[in-house]
Novice: 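Sharing a structure, written as C-alpha cells. Questions coming.
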Amino acid sequence: MNGQEMADDGEDPFRSETTFSYTVENIVRLKRQQLSPPFFVRMLPWKIKVIPKERALGFFLECNGDDDSPTWYCNAIAELRLKSHKAGTKPFTRAPINHLFCSEENDYGYCNFITWRELQDPANYFICNGAITLEVFVQANEPYGVHWNSKQRIDYVGLKRQGSICCMNSFLQSIYFTNELRRIVYKIPTEADNATDSVGLALQYIFYELQFSDKSVGTKKLTESFGLEMLNFFTQCDVQKFSRILFDELESKLKGTNLEGTITALFKGKMFSCIKCENVDYSSMRYETFYDIQLNVKGKKDIMESFQDYVATINLKDDNKYDAGYYGLQEGNKCVNFISFPSVLHLHLMRFQYDPVTDSSIKYNDRFQFYEQINLDRFLEKEGDTKAEYVLHAVLVHSGDNHGGHYVVFINPKCDGKWYKFDDDVVCSCKKIEAIELNYGGMDDEVSFHAKCSNAYMLVYIRKSEINRILSDILENEIPSELVERLDLEKRIEMARRKERSEVNLYVSVHIILEEYFEAQQKRRLFDLDKIHQRLFKFKQTQSVEEMMEQFVKSFCVPKGRMRVWIMYAAQTQKFFYFDFQREGYRTIEQIPNLRKTLVIFLELAPPDKPGHPLPPFDPKKEVLIFFKFYDARNKRFNYISYLQQPLARRLIEILPDVNALLGFDLGTKLSIFDECNNSKFTDLNETIENILVARTNKTESSILQGFVLVFEKERIDPVLSPEPIKTAREKAGKDSSPSKSVEDHLTLAVVDCSDVEENSMRVNWWKVQCALNQAYFDVLAKNPGAPPKCRTVGWYRGRIPLTACADERSVNLFTQAIGSLGEVWPNAKLDAVPLQKLINTLRSHTLVPAEPHEPHKILHLIKVCNPQLPTYSWEIAKVGKLLRSYFGFSLTAVKLINSYLDNRFHCVKVSSPVKEKLLFRKIVRYDRFPLKSHQDQRPTLIQWLQNIVYD
C-alpha cells in the first residue's frame, strides 16, 4: 500500500505516522522561507519548510525545531509530495528520505525539489490561484530524550526495555490486557513470599503499576525472580516456553485455594488424535489438553489454511510407519480433531524453525494473512453449544531475522476495533491496518514504508461470546487490600533506595572499629574488615567534624576527652594517621585529609577502670602508636595483646617489661620481636623505634602513619597456653566432649540457636527440631530432586549442641537448607547448621573463685586482679545465674562476663545474688580464647581447682 492511504484522521500526538499538508500562497512571489504549523507525531512537532532558491524550490521536513536540548533524537522515514490539482493525477515526489533527526540536524529534504519551470508549467496543474499544496507522509520511530506521557493521553503505559529481552515485554502486555487473568493474578496468595524470588508477587507488582502508574514500569524484579536459568528463554525469544513456565508457576501458587485451576481454564482446550492401521484391525485414540496451538506459516496463505493443514490426515508409511505393538510396524492414517477451543486462544505462528541444511534456526518472512474475526466451528469434531467465534485481541510482532531484532505488540484492549501499539515504554494509538494488514509479512509490488521482515509471530484471540466476562474492567476495590498495602510498601522502600543511591555522593560512610575487634583476629593482620562487626555511621559531607564527634559521644556514652580518633590511611597496610578532632572540629567532614566515600576510624577509648581521667595527650612528632601481638607457636595463633603510645626515642629492649607484664610473664622473660609487615626479626633490640620506622618505611610514612604492629614470641612454649591442661582437665572431669573420631569434621554439622548465647535452649527443644525436620526434608527434596540426605545423630558437643554426621556434600547441603527453613521452632529461635570445626575453635574458659565475696562488682574486681594480662578494663558482670549442682559435688553459681564496649545494652548492668549456705564457688565463664586465672584460696584441698583452666 502507499502512504496516501495512511492519511491522518485523528489528532493523537502519540501516533507513529501521519500525513499532513500545507498550502503556500503566492508561490511565484515567495522570497523567504516559510514554515507550516506543527503536526504532532510521537509527541514531537513536525513542520513543512519551504525555501525558495534561484532555479528551484527547496522542500524540507523539520522536526522539533524549537528544542535546543542536545539529548533528543528520532529516526523517521518520510515522503515529500507536491500535489496536483487535476483529479486522478499522482503527486510529484522524489525518493523517500530516511533520517535521524536531532538538535544538530533537525531538518532534511531537497534543496532542488522541483525547478521553477516545472512548477509553473500549466500542464502539471501544480499551481491553482497562485498557490501550491505540499504534502508529507512521515513515519517515526519512538523518540529518545523526550518526555513521553502516554498515561495522560490514552490511559496506558509501557514497560521499560531490559537488555535484549523485549519479547517478554510484548507478551506481558498481552496477558495484562487479558483482564480476567489479571484479576486472578491479583488474588494469588503472596503475603508470605520473599520479594526477591516470588514470580507471583513480581507479576502482581507489574500489573498493579501498569494499571495505576503514570510512568513506564520495570520488569527487573520478574526476571530476577525466575533466576539465571530463565534468561535463555528471554534472550532466545521462546515466548511459548516462557508462557507455559509462567502459567505453571502461577498455577502452583493457587493449589489448595478456591482459585485452583482458574488460570489454565482460560487457555485450556481439548483435542484427540486417532491412528488407524490400513492392513490390520488396529486403531489408537488419545485425548489431549492444549494451551496454545502452533500453526505452520511456510507455504500457507492464511490462518484458515493453516488450521486445515493442522487437522489434515497424515499417511504413515515407508519410514514413518506406526508401531502397532503386537502387529509391528504398520501403514496407517493419523488425524487430529478438536473437541473444544479455549476462551483465550493463543496461536503461535511458526516463523522460527530449524533448518537441517544450515544446521541453524531461520525465520520465514512469508506473507501469512490473519483476520480480525474468525470462526473455527468447522474444525471441531462436533459443533458445541457455544460458537467458536473469535475476535482478534493482540498481535505480537517481530522485526528482524533469526539472529535478533525488535518486538512490539498491537493490542485491541476492548475488542472494539481501537488498536494501540506497545513498543516497550512507548505507547500510542494506531490504525487497524497497522496492527493487522501491515504485519502479514511477505513481499509485494506496492511502495511501502514498513519492512516486510516485520511480521506477526503470535496471535491472541478472545471468544466473542465471553468478551464481556474476560475483558471487564477491574476496579480498584476488587484488588485485595493486603496486596495494595504490600505493593505500596515495596514501592516506598524502592523509592527510598533510589533516593539513597542518588544521594550517595552527598554522604560519607564511617565505619568505627574498637580495640575489642582486634581480639577476634588470630592471624598476622590486626583485623579483618569483612568479618568484624563494625559500627556504621553516615554523615553528610557538609557536616562539621564537631557534629560527627557529638554523635560518637551519644553512641558510645564516652566524653570526647576520653576518646581519640585514628583514621585508616590504607586498608591494605592497615595503618592509621592521627586526627586531632579538637583542633579540626570547625572543619567539614569533606575537608578531612585523604577523605574517601568510606571512612574507617579506630576509635580509641579510655579504660573504664579510670573514670573521669582523659586520655593522655599525643604528639605525633615525638610519639608513635604501636600494637602488640603474641605468637602462640603451639597453636599457631597470633593473639592480640594491647597497644601503647610510645616515645620515638624509646628502645625496643625497654618495651619488653611492659609486654611481659601484659602477658602475665616474669618481667625478665626473653621475647623475640618481629615486624608484622615483612615478618623480619629485630636482631638489635637497642635500636630506637624512630630508627626502625625510618629504616622500614619511607620518610613521609614514618612521620605520618601510626599503628605499626610488633609481634612477640617466646623461645619456649608457655605451659599456660599449651593444650595439655585441656586434655588433663577433661580426663579429670570424666567426660570427653569431642565428637566421635569416626566422623570427619568437615561432614559434621552442629545445629545452634543463634539467639541463645548461653546454649541452654537446644538440649530441651531438640525433639521439636527432629519432628519439624520430617516435613522440611520433603520440601527441600522437592526443590532439589535426587537422593535423600544421609544423616545421623552422633552426640552432643559440650553437652548442649547436637551434632549430625552427613555422608556426602549433598547431604550437608540438604540438611543445612532443611534447618534454615524451619523458622521459629520455639519462640525467638534462630536455627543454623554450621560446620563442627567452627565450634571447636570457639572455646569457653572457666575457673572457680571463692563463694565470698558474693557481690558482682567484687567478683569482677577479683577477676581483674588475677588476670592482669587480659584487657579486663572493659568487662562487666552481665548476669549471675541460679544455684547449680556441679559434677564434682559442689554447688555453683554461674556468672556471665561480657565486654561492655561490644554491646552497650549491658553497659553498667547492676546485678545482685544472695549468698547460699552451701555455695562454695562461683563458676566464671568467658566466651573467648583467653584463660581465666583466680587467686589461690586458703583451703588447700581446693588449690587444684583454682590452678587449672577447664575448656569445654
Novice: Just checking F126 against H85, ring centres under 6.0 Å apart?
Specialist: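 They do not qualify: ring centres at least 6.0 Å apart.
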Novice: Donor-acceptor check, side chain of D377 to backbone of A388, threshold 3.5 angstrom: yes or no?
Specialist: yes
Novice: Centroid-to-centroid, F352 to H398, below 6.0 Å?
Specialist: yes
Novice: Quick one about H406 and D423 (side-chain donor to acceptor, distance below 3.5 Å, no hydrogens or angles considered), yes or no?
Specialist: yes
Novice: With Y420 as reference, evaluate C430, C428, P413 under the side chain to side chain contact (heavy atoms under 4.5 Å, CB included) test and give the passing residue.
Specialist: P413
Novice: Can R161 and S216 be said to form a side-chain hydrogen bond (donor to acceptor under 3.5 Å, both in side chains), step by step?
Specialist: CA-CA 10 Å; R161 181 181 300 181; S216 56; over 6 Å; no
Novice: Salt bridge (Lys or Arg N to Asp or Glu O under 4.0 Å) with K298: which residues, sequence neighbours excluded?
Specialist: D366
Novice: Determine, for F368 and K300, whether the Lys NZ or Arg CZ falls below 6.0 Å from the six-membered ring centre while staying within 45 degrees of the axis.
Specialist: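 Cation-pi check for K300 and F368: fails.
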Novice: Would you say the side-chain atoms of N169 and Y407 include a donor-acceptor pair closer than 3.5 Å?
Specialist: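 Looking only at side-chain atoms, Y407 and N169 do not form any donor-acceptor pair under 3.5 Å.
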Novice: Before we go on, tell me: are the rings of F177 and Y156 under 6.0 Å apart, centre to centre?
Specialist: yes
Novice: Treating N26 as the side-chain partner and R29 as the backbone partner, does any N or O pair qualify as donor plus acceptor under 3.5 Å?
Specialist: no
Novice: Could you tell me the separation between the CD1 atom of I462 and the SG atom of C415, rounded to the nearest 0.5 Å?
Specialist: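 Atom-to-atom, I462:CD1 and C415:SG are 5.5 Å apart.
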Novice: Using the ring centroid of each side chain, check whether F267 and F290 are separated by less than 6.0 Å.
Specialist: no
Novice: Determine whether a donor-acceptor pair (N or O, by modelled atom type, separation under 3.5 Å) exists between the side chain of E437 and the backbone of E434.
Specialist: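 No; judged by distance alone, with no hydrogens or angles, the pair does not exist.
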Novice: For residues 89-100, pull every pair meeting salt bridge (charged side-chain N to carboxylate O under 4.0 Å, His left out), keeping only residues two or more places apart or in separate chains.
Specialist: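 Sorted result for residues 89-100: empty, none.
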Novice: Taking A435's backbone N and O only, do any of them form a donor-acceptor pair with N439's side chain (distance below 3.5 Å, no angle check)?
Specialist: yes
Novice: Might you work through the salt bridge (charged side-chain N to carboxylate O under 4.0 Å, His left out) test for K49 and E62, ending with a clear yes or no?
Specialist: CA-CA 7 Å; K49 179 186 289 187; E62 181 186 273; 3.3 Å; yes
Novice: Between Q120 (side chain) and R117 (backbone), is there a donor-acceptor pair under 3.5 Å?
Specialist: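 It does not hold such a pair.
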Novice: Measuring from Q204:CD to R182:CZ, what's the distance to the nearest 0.5 Å?
Specialist: 13.0 Å
Novice: Measuring from atom CG of N179 to atom CD of Q211, what distance do you get when rounded to the nearest 0.5 angstrom?
Specialist: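 Answer rounded to 0.5 Å: 8.0 Å.
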Novice: Does CG in D416 sit with more than 12 non-hydrogen atoms of other residues, nucleotides or ligands closer than 6.0 Å?
Specialist: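 Counting neighbours around CG of D416, more than 12 heavy atoms of other residues, nucleotides or ligands fall under 6.0 Å, so yes.
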Novice: Quick check for you: to the nearest 0.5 Å, what is the distance between F92 atom CZ and E118 atom CD?
Specialist: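 So the CZ of F92 and the CD of E118 are separated by 5.5 Å.
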Novice: We want to know whether Y371 and Q369 form a side-chain donor-acceptor pair, criterion being a heavy-atom distance below 3.5 angstrom.
Specialist: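 On atom types as modelled, these side chains qualify, holding a pair under 3.5 Å.
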Novice: Rounded at 0.5 Å granularity, tell me how far CG in D488 sits from CD in E490.
Specialist: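 It is 10.5 Å, given to the nearest 0.5 Å.
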Novice: Could you note down all residue pairs passing ring-ring contact (aromatic ring centres under 6.0 Å, His included) where residues 42-78 supplies at least one of them, sequence neighbours left out?
Specialist: W46-F101, F59-F113, Y73-Y144
Novice: Side chains of E389 and Q373: do they bring a donor and an acceptor to under 3.5 Å?
Specialist: no
Novice: Between K221 and E224, does a salt bridge (charged side-chain N to carboxylate O under 4.0 Å, His left out) hold up when you go through it step by step?
Specialist: CA-CA 5 Å; K221 290 184 178 180; E224 289 179 347; over 6 Å; no
Novice: Show your working on side chain to side chain contact (heavy atoms under 4.5 Å, CB included) between I48 and F20 and close with a plain yes or no.
Specialist: CA-CA 9 Å; I48 291 175; F20 61 94; 3.4 Å; yes
Novice: Does E105 offer a backbone N or O that forms a donor-acceptor pair with the side chain of H99 under 3.5 Å?
Specialist: yes
Novice: Could you walk me through whether E494 and K491 pass the salt bridge (charged side-chain N to carboxylate O under 4.0 Å, His left out) test, one step at a time?
Specialist: CA-CA 5 Å; E494 181 63 26; K491 190 173 183 179; over 6 Å; no
Novice: For A140, does its backbone N or O pair with a side-chain atom of R42 as donor and acceptor, under 3.5 Å?
Specialist: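 A pair under 3.5 Å: yes.
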Novice: What distance do L471 atom CG and N412 atom CG have between them, rounded to the nearest 0.5 Å?
Specialist: 8.5 Å
Novice: Would Y390 and R463 count as having a side-chain donor-acceptor pair, cut-off 3.5 Å?
Specialist: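 Judged by distance alone, the side chains do pair up.
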Novice: Is it true that, when you exclude K464 itself, more than 12 heavy atoms of the residues, nucleotides or ligands shown sit nearer than 6.0 Å to its NZ?
Specialist: no
Novice: For the backbone of D309 and the side chain of N296, can you confirm whether one donor and one acceptor N or O come within less than 3.5 Å of each other?
Specialist: no
Novice: Can any side-chain N or O of K363 pair as donor or acceptor with the backbone N or O of G400 at less than 3.5 Å?
Specialist: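 Yes; judged by distance alone, with no hydrogens or angles, the pair exists.
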Novice: Do R81 and S21 meet the criterion of a side-chain donor-acceptor pair at a distance under 3.5 Å?
Specialist: no
Novice: Applying the side chain to side chain contact (heavy atoms under 4.5 Å, CB included) criterion to L119, which one of V28, L82, N124 satisfies it?
Specialist: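 Between L119 and the candidates, side chain to side chain contact (heavy atoms under 4.5 Å, CB included) is satisfied uniquely by L82.
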Novice: Are more than 12 heavy atoms, taken from residues, nucleotides or ligands other than Y108, located less than 6.0 Å from that residue's OH atom?
Specialist: no
Novice: Between W419 and H393, which heavy-atom pair has the shortest distance, and what is it?
Specialist: CZ3-O, 4.0 Å
Novice: Hey, what's the ring geometry for Y208 with F212, parallel, tilted or perpendicular (30° and 60° as the breaks)?
Specialist: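 Aromatic pair Y208/F212 classed tilted.
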Novice: Looking at N129 and A131, would you say the former's side chain and the latter's main chain have a donor-acceptor pair under 3.5 Å?
Specialist: no
